[in-house]
Structures are given as C-alpha cells and as structure tokens.
Amino acid sequence: MSNSKKNKSQAGSRKQEESLEKQLKIGEPWIERSAGMKWLLILSLITAGYITWQLEPSLGFWEALLWGLGFGGSLWLIFYGMQWFRKLLR
C-alpha cells in the first residue's frame with residue numbers, strides 16, 4: 001500500500017475516533033433518564049412475573065407473588081442505591 005493511502009486511512013480513523021469521543025463524553029449518560037426508567041419498569045415487571053410464575057406451583061400464588069414483588073422491587077432498590085452511591089462520591 002502506498003504512503004498516501006496509509007495516511008488517508010489513518011486520518012479517516014482519527015476522525016472517527018474524535019467523533020466517537022465527542023459523542024461519548026466521560027460522565028455523560030448514554031441513554032436518557034426517561035428511557036432508562038421505562039426499561040427498568042419493564043424489566044422489573046417481567047422479573048416479578050417470571051418469579052411468581054416459577055414459584056406458584058410450589059409455594060402457592062400469594063407467597064409466590066410476594067417473592068416476585070421482592071425480586072422486582074430489588075431492581076429498583078439497586079438502581080436507587082447506585083444513584084445514592086454515585087451522588088455520595090461526587
């Protein structure tokens with residue numbers, strides 16, 4: 001490969017790296033908060049439903065529902081715990 005082609009490819013890759021660095025700033029969120037909250041809500045409901053469905057034959061519906069709500073709620077506890085921890089470190 002000639003030197004001019006190498007220089008052009010290196011310059012192109014540098015431009016891509018610079019644009020990527022501009023897009024992904026350190027400390028910046030990579031998704032919007034509202035989108036993250038929606039995903040967390042969906043994930044916690046799916047987790048609660050799945051745990052309830054799996055435990056219902058052995059524990060009965062109400063006890064399985066409590067376990068499901070506990071697991072779904074634990075995702076929110078982890079989320080808000082990490083928010084508090086991050087705020088504490090800043």
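We count residues from 1, following the sequence as given.
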### Query
What distance do L66 atom CG and T52 atom OG1 have between them, rounded to the nearest 0.5 Å?
8.5 Å
### Message
Return the CZ to CZ distance between R90 and R86, rounded to the nearest 0.5 Å.
### Response
4.0 Å
### Query
If we ignore angles and hydrogens, is there a donor and acceptor under 3.5 Å between the side chains of W76 and S44?
yes
### Query
Around atom CZ of F79, are there more than 12 heavy atoms of other residues, nucleotides or ligands at under 6.0 Å?
yes
### Query
Is there a path of hydrophobic side-chain contacts, each under 4.5 Å between heavy atoms of I, L, V, M, F, W or Y residues, that connects L41 with Y50?
no
### Message
side-chain contact (heavy atoms from CB on, under 4.5 Å) for L65 and F61? Distances and angles first, verdict last.
### Response
CA-CA 6 Å; L65 182 63; F61 178 75; 4.1 Å; yes
### Query
Any side-chain heavy atom of L59 within less than 4.5 Å of one from W67?
yes
### Message
To the closest 0.5 Å, what do you measure between CD1 (I51) and CD1 (I46)?
### Response
12.5 Å
#### Entry: Within 6.0 angstrom of Q83 CD, more than 12 heavy atoms from elsewhere
yes
### Message
Distance check, rounded to the nearest 0.5 Å: L77 atom CG versus F71 atom CZ?
### Response
13.0 Å
## Note on the structure
Applying side chain to side chain donor-acceptor pair (under 3.5 Å) to T47 and not counting sequence neighbours gives none
### Task
Sequence neighbours left out, what passes side chain to side chain donor-acceptor pair (under 3.5 Å) with W39? Give chain and number order.
none
## Note on the structure
In this structure, CE of M82 is separated from CG of L88 (nearest 0.5 Å) by 11.0 Å
### Task
Considering non-hydrogen atoms only, spot the tightest contact between G36 and I31 and give its length.
CA-CD1, 3.7 Å
